[in-house]
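Notes follow once the structure below has been shown.
Numbered from 1 within each chain, the chains take letters A, B, ... in sequence-line order. Worth knowing before you read on, the calculation uses all heavy atoms, side chains too, and leaves out hydrogens, waters and symmetry mates. Keep in mind that this is a model prediction, so the values were computed, not measured.
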2 protein chains.
Amino acid sequence: MTKGKNTEQKILNAATELFLKKGVDRTSVRDIANKANINLALLNYYFRSKENLFITIFSRLMKKNSKKLIAILDSDISLEEKIEKYVAAYIDILLKNPLLVSFVLVILHRSSDKIIKLEAISYLYSTEKFTQQLIDEAKKGNIRKTNTTHFFVDMLSLITFPFAIKLLIKDKASLSENDFKTFIRERKKRIPRLLINELKLK
Amino acid sequence: MTKGKNTEQKILNAATELFLKKGVDRTSVRDIANKANINLALLNYYFRSKENLFITIFSRLMKKNSKKLIAILDSDISLEEKIEKYVAAYIDILLKNPLLVSFVLVILHRSSDKIIKLEAISYLYSTEKFTQQLIDEAKKGNIRKTNTTHFFVDMLSLITFPFAIKLLIKDKASLSENDFKTFIRERKKRIPRLLINELKLK
DNA sequence: TTTTTGTTTAAAACACAGTTTTATACATTG
DNA sequence: CAATGTATAAAACTGTGTTTTAAACAAAAA
């Protein structure tokens, strides 16, 4: 009965590795079974489907990484510092977890209602406290009034999209893998500046 | 012998319609053949593969729409006006062509080297004149010096990514389809402001 | 006209995918 | 010891994209 946990973990490990190396769609369930040295049927025994296996891995990865982001959004620091920390932390997470990037792309691509309502995702974007802070600071006259939805969308776009068009950027700007990482790290300063400029009173 | 063009067009029409309605991955070649009232084998006779059919449709759609964007980037207008027009035109294209959005997602998702080197894509992002203008204006002291790659990536991110997370935005902000379109149109003013702020001398 | 070439259809088969079924072993609990 | 839930294995099922084979037809070339 202890075998069970082992097998489940073996499947998760094999799947994670293959998903990372070849992408979700180019990884077959038979590949996973082979790599994990288990029978094909076990895969559907533990996880009902490949889709479910994918969502399990994705959700765990998200949960592991999103805590830090939520903590930043909910912390009692100045807006400016909050934006800087959030952007930097988010970028670090995406730099360290290529799987997360490709998973997000898979999810965006499928974009079914089911997936959007994943706990892992709605959890990550619980921005109540942050948006309230934007409203409060504007009322106090410290910053310009801004549409909070737009503001958060701006932030997410500037952080996330460059990862999605990584190949394009590398190609167009002739960047090596390391160059690209440097390019991305530069955005830790650039993005907060852009966003905070938008909030500054004239 | 005139039949040929007809059949090819019938396939393209059927595929376009189905790709739009059900998405590329959820559309089978048998679906397409049925809808076009042609034999399955003809599909591989005209287009070597489903992949190739997809790329053909995508490339035509891109070519049709990117001309206007390129024209704006290469025109002799002020930087400020250029950014405004480019953002507005790009957003209008994506609003009018949901297929383009979902195609871009498919391509981002697959992100193989082959696809990134499509003429349709590299053509769209020939930004030489635009980046030169950024450099020249900075030299003249009219704007702040900025990294042109970052600047273009910022612009693309702010324009494109919201379409990718459409479902998420609609869900989180409780927007109807029309609300979402309004939201997107609001960005025609917002995005240029953000970008031009970044260029303003302090 | 006859021949050749390009186009169209039909039916079947192929390889590979995700999934399901069936049967059997194992281990823990009652 | 029997019963029950868990674990494994092998094979089959369904649907996918693709290819093959054979036959028909129309238009262009000889």
Side-chain angles (χ1 to χ4, degrees), chain A residues 1-59 102-103 105-107 109-112 114-115, chain B residues 1-59 102-103 105-107 109-112 114-115:
Chain A
M1 205 116 299
T2 45
K3 273 180 168 178
K5 282 282 166 196
N6 262 323
T7 317
E8 194 178 336
Q9 200 54 51
K10 278 201 295 185
I11 295 173
L12 286 172
N13 291 341
T16 304
E17 193 176 327
L18 288 172
F19 285 168
L20 180 58
K21 203 196 304 176
K22 312 203 300 171
V24 177
D25 289 352
R26 279 175 289 274
T27 300
S28 76
V29 288
R30 283 169 181 82
D31 286 345
I32 299 172
N34 282 341
K35 178 132 218 155
N37 271 316
I38 53 107
N39 188 274
L40 175 59
L42 274 183
L43 219 147
N44 282 54
Y45 174 76
Y46 283 103
F47 310 90
R48 289 193 334 279
S49 61
K50 184 190 178 186
E51 169 88 3
N52 211 55
L53 171 60
F54 158 72
I55 293 203
T56 303
I57 295 177
F58 171 71
S59 295
S102 82
F103 277 3
L105 286 178
V106 171
I107 283 182
H109 168 230
R110 303 198 185 165
S111 71
S112 75
K114 283 181 206 165
I115 289 174
Chain B
M1 205 115 301
T2 45
K3 272 180 168 180
K5 282 280 166 198
N6 262 323
T7 318
E8 194 178 337
Q9 200 53 50
K10 277 202 294 184
I11 295 173
L12 286 173
N13 290 341
T16 304
E17 193 175 328
L18 287 172
F19 284 169
L20 179 58
K21 205 196 302 177
K22 312 204 299 170
V24 177
D25 289 351
R26 280 175 287 276
T27 300
S28 76
V29 289
R30 285 170 179 84
D31 286 344
I32 299 172
N34 282 340
K35 179 130 216 156
N37 271 317
I38 53 106
N39 188 273
L40 174 59
L42 266 185
L43 218 148
N44 281 54
Y45 174 77
Y46 279 102
F47 309 90
R48 290 193 330 280
S49 62
K50 185 190 176 184
E51 169 87 3
N52 211 54
L53 171 59
F54 159 72
I55 293 203
T56 304
I57 294 178
F58 172 71
S59 295
S102 81
F103 278 3
L105 285 178
V106 171
I107 282 181
H109 170 231
R110 303 195 186 168
S111 70
S112 77
K114 283 182 205 163
I115 288 175

Between [N] ([atom2]) and [X] ([atom1]): distance, integer Å:
X	N	atom1	atom2	result
Arg26(B)	dA17(C)	CZ	C1'	17 Å
Asn34(B)	dG15(D)	CG	P	14 Å
Arg110(A)	dG18(C)	CZ	P	11 Å
Glu8(A)	dT8(D)	CD	P	11 Å
Asn44(A)	dA12(D)	CG	C1'	14 Å
Asp31(A)	dC16(C)	CG	C1'	11 Å
Leu43(A)	dA7(D)	CG	C1'	14 Å
Ile11(A)	dT8(D)	CD1	P	8 Å

- Task: Find which nucleotide of DNA chain C each of Leu42(B) and Asp25(A) is nearest to by heavy atoms, and output the residue with the more 5' nucleotide.
- Result: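 Between the two, 5'-proximity favours Leu42(B).
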- Task: Would you please name every residue forming a salt bridge (Lys or Arg N to Asp or Glu O under 4.0 Å) with Lys22(A), sequence neighbours left out?
- Result: Asp31(A)
- Query: What residues, two or more places apart in sequence or in another chain, satisfy ring pair (Phe, Tyr, Trp, His ring centres under 6.0 Å) together with Phe47(A)?
  - Reply: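 None.
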- Message: Just to verify, what does Phe19(A) make a ring pair (Phe, Tyr, Trp, His ring centres under 6.0 Å) with, not counting sequence neighbours?
- Response: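 Not a single residue meets the ring pair (Phe, Tyr, Trp, His ring centres under 6.0 Å) criterion with Phe19(A).
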Please determine whether a side-chain nitrogen or oxygen atom of [X] lies at a distance below 4.0 Å from atom OP1 or OP2 of [N].
X	N	answer
Tyr46(A)	dT8(D)	yes
Tyr45(B)	dT7(C)	yes
Ser28(B)	dG15(D)	no

- Query: If every non-hydrogen atom of Leu18(B) is compared with every non-hydrogen atom of Thr27(B), which pair is closest and at what distance?
  - Reply: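 Looking at all heavy atoms of both residues, the shortest contact is O-OG1, 3.3 Å.
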- Name every residue in residues 49-58 of chain A that has at least one heavy atom under 4.0 Å from any atom of DNA chain C, in order of residue number, or write none if there are no such residues. Ser49(A), Lys50(A)
Distances under 3.5 Å between protein N/O atoms and the N/O atoms of nucleotides 11-14 of chain C, please, pair by pair.
none

- Task: Indicate whether any N or O donor in one side chain lies under 3.5 Å from an N or O acceptor in the other, for Asn13(A) and Gln9(A).
- Result: yes
Determine whether [X] and [Y] make a side-chain contact, defined as any pair of heavy atoms from C-beta on separated by less than 4.5 Å.
X	Y	value
Phe54(A)	Ile107(A)	yes
Ile32(A)	Leu53(A)	yes
Val24(A)	His109(A)	no

- Partners passing side chain to side chain donor-acceptor pair (under 3.5 Å) against Asn39(A) (at least two apart in sequence or in another chain): none
